[in-house]
Amino acid sequence: MSVAGLKKQFYKASQLVSEKVGGAEGTKLDDDFKEMEKKVDVTSKAVAEVLARTIEYLQPNPASRAKLTMLNTVSKIRGQVKNPGYPQSEGLLGECMIRYGKELGDESNFGDALLDAGESMKRLAEVKDSLDIEVKQNFVDPLQNLCDKDLKEIQHHLKKLEGRRLDFDYKKKRQGKIPDEELRQAMEKFEESKEVAETSMHNLLETDIEQVSQLSALVDAQLDYHRQAVQILDELADKLKRRMREASSRPKREYKPKPRDSYDFGEPDQSNGGFPCAPAPKITAASSSFRSSDKPIRTPVRSMPPLDQPSCKALYDFEPENDGELGFREGDIITLTNQIDENWYEGMINGQSGFFPLNYVEVLVPLPQ
């Protein structure tokens, strides 16, 4: 930094201390400017809060959101184009219904109904995925761009304006000691920054109809989702009612018990229903000594890595659900290779590598910091 720059930083710091500690008053901005600044601040907070709540509305499970974020991060690191989607609750319910519907079979009314309901739930999950994509493209991304670009730019102009105001006020209070030309330049820069900040705030507030359009896109996407959901559920309701009518019109099958087998209980002195007891084999001394010399068969165990390298011990079984996850059993020792984030590790066991949740393991030797 140049000498002039260091002097300017000193002037601003001195003026700030005199205002905060000494109670000195700086140059006041007009009421219109303050009102615009207040509205921009409220807009910034509103956009940030609405964005966060919209993500929670589309993806309500915080654990699934965190896992999806981690998987997307890993996909970017590995250069994978296709990222896994959010596991919709309707899809999970549909898979459960279809699995048990198939187990019950075609002869079960309940099994057939579960298959119908499961397919409808999976269709609802697909419609929900379409809602996620639509809202992200037409509502979330534009608002995020507003945060990252326009609002960020306004904050930059306001910060620059405050710095130039402090520099101008410091020089104004030392008029006579500071050259008039330097004071005039400080005042011009302050006025210039005020005009730039004022213009950027005005443009944002005057074009807020764009945010109304984005909000309308959100509502349109929700309407389309609910229309399709109603159609799918209406079709399912008709199928289930038709199944109930068909089942009630069919004659009921009566239960006919199978005839019981007759048993010959034999003589009264036999205690096992007429079947003679075979004499128990006698254990000779030779056979006794042979058994005592038998050794128990040991169950083979998995190879354990040396504990002089980062490693952890599995507390529970973990079944992988997505590509790239590492499965293991309780008690397995896993070599740690990397920490993805505060919830996920990457490790290796038996020549296989992948990532797994931190709360499933106990760290024995931590990764180097």
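One is the number of the first residue; the rest follow in order along the sequence.
Residue Glu246 places its CD atom among more than 12 non-hydrogen atoms of other residues, nucleotides or ligands, all under 6.0 Å distant. Summarising the local packing, CG of Asp180 is surrounded by 12 or fewer heavy atoms from other residues, nucleotides or ligands at distances under 6.0 Å. A 6.0 Å sphere centred on NZ of Lys173 holds more than 12 heavy atoms belonging to other residues, nucleotides or ligands. Glu181 CD: more than 12 foreign heavy atoms inside a 6.0 Å radius. For Asn359, the CG atom sits in a packed shell: over 12 heavy atoms of surrounding residues, nucleotides or ligands are nearer than 6.0 Å.
For residues 40-54, the pairs satisfying salt bridge (charged side-chain N to carboxylate O under 4.0 Å, His left out) are Asp41-Lys45, Glu49-Arg53, Arg53-Glu56, with sequence neighbours left out. Among residues at least two apart or in separate chains, salt bridge (charged side-chain N to carboxylate O under 4.0 Å, His left out) pairs with a member in residues 113-125 are Asp116-Arg243, Arg123-Glu235. Residue pairs that meet the side chain to side chain donor-acceptor pair (under 3.5 Å) test with at least one member in residues 206-222, sequence neighbours left out, are Tyr57-Gln222.
Using a 4.0 Å cut-off between a side-chain N of Lys or Arg and a carboxylate O of Asp or Glu, Glu162 and Arg165 qualify as a salt bridge.
Side-chain atoms of Lys239 and Ser120 form no donor-acceptor pair, as typed in the model, at a separation below 3.5 Å.
Judged as a side chain to side chain donor-acceptor pair (under 3.5 Å), and not counting sequence neighbours, the contacts of Asp141 are Lys136. Leu205 is linked by a side chain to side chain contact (heavy atoms under 4.5 Å, CB included) to Met36, Lys39, Val40, Thr43, counting only residues two or more places apart in sequence or in another chain. Partners of Tyr225 according to the ring pair (Phe, Tyr, Trp, His ring centres under 6.0 Å) rule, which considers only residues two or more places apart in sequence or in another chain, do not exist here. Qualifying side chain to side chain donor-acceptor pair (under 3.5 Å) partners for Asn203, counting only residues two or more places apart in sequence or in other chains: none. With sequence neighbours left out, Tyr316 forms a side chain to side chain contact (heavy atoms under 4.5 Å, CB included) with Tyr360. Residues satisfying the side chain to side chain contact (heavy atoms under 4.5 Å, CB included) criterion with Gln155, sequence neighbours excluded, are Leu158. Here Ile133 pairs with Gln137 under the side chain to side chain contact (heavy atoms under 4.5 Å, CB included) rule; sequence neighbours left out. Among residues two or more places apart in sequence or in another chain, the side chain to side chain donor-acceptor pair (under 3.5 Å) test is passed with Lys313 by none.
How far CD1 of Ile340 is from CZ of Phe356: 9.5 Å, rounded to the nearest 0.5 Å. Atom CG of residue Leu115 and atom OH of residue Tyr100 lie 14.0 Å apart, to the nearest 0.5 angstrom. Note: Asn145 CG to Leu151 CG = 10.0 Å, rounded to the nearest 0.5 Å. Rounded to the nearest 0.5 angstrom, Lys128 NZ and Gln228 CD are separated by 13.0 Å.
Side chains of Cys147 and Leu51 form a contact here, defined as non-hydrogen atoms less than 4.5 Å apart. The closest side-chain heavy-atom distance from Asp332 to Asn350 is not below 4.5 Å. Using a 4.5 Å heavy-atom threshold, the side chains of Arg245 and Lys241 count as touching. Counting heavy atoms from C-beta outward, Leu218 and Val135 have side chains that approach closer than 4.5 Å. Side-chain atoms of Ile349 and Ile333, non-hydrogen and from C-beta on, never get closer than 4.5 Å to each other. Contact check for Leu58 versus Tyr86: no side-chain heavy atoms found under the 4.5 Å cut-off. With a 4.5 Å cut-off on side-chain heavy atoms, Glu35 and Asp31 do not count as touching. Put simply, the side chain of Gln88 reaches to within 4.5 Å of the side chain of Asp132, judged on heavy atoms.
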Can you give the donor-acceptor pairs under 3.5 Å from side chains of residues 186-194 to other protein atoms, not counting sequence neighbours?
residue : atom : partner : partner atom : Å
Glu188  : OE1  : Arg184  : NH1          : 3.3
Glu188  : OE2  : Arg184  : NH1          : 2.4
Ser193  : OG   : Arg164  : NH1          : 3.0
Ser193  : OG   : Lys189  : O            : 3.3
Lys194  : NZ   : Asp30   : OD2          : 3.0

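Between the side chain of Ser311 and the backbone N or O of Leu364, no donor-acceptor pair lies under 3.5 Å.
The two atoms that bring Glu319 and Glu325 nearest to each other are O-OE1, 4.5 Å, heavy atoms only. Phe355 and Asp323 make their closest contact through CZ-O, 3.7 Å (heavy atoms, listed as atom of the first residue, atom of the second, distance). The two residues Pro87 and Leu92 make their nearest non-hydrogen contact at O-CD1, 4.3 Å.
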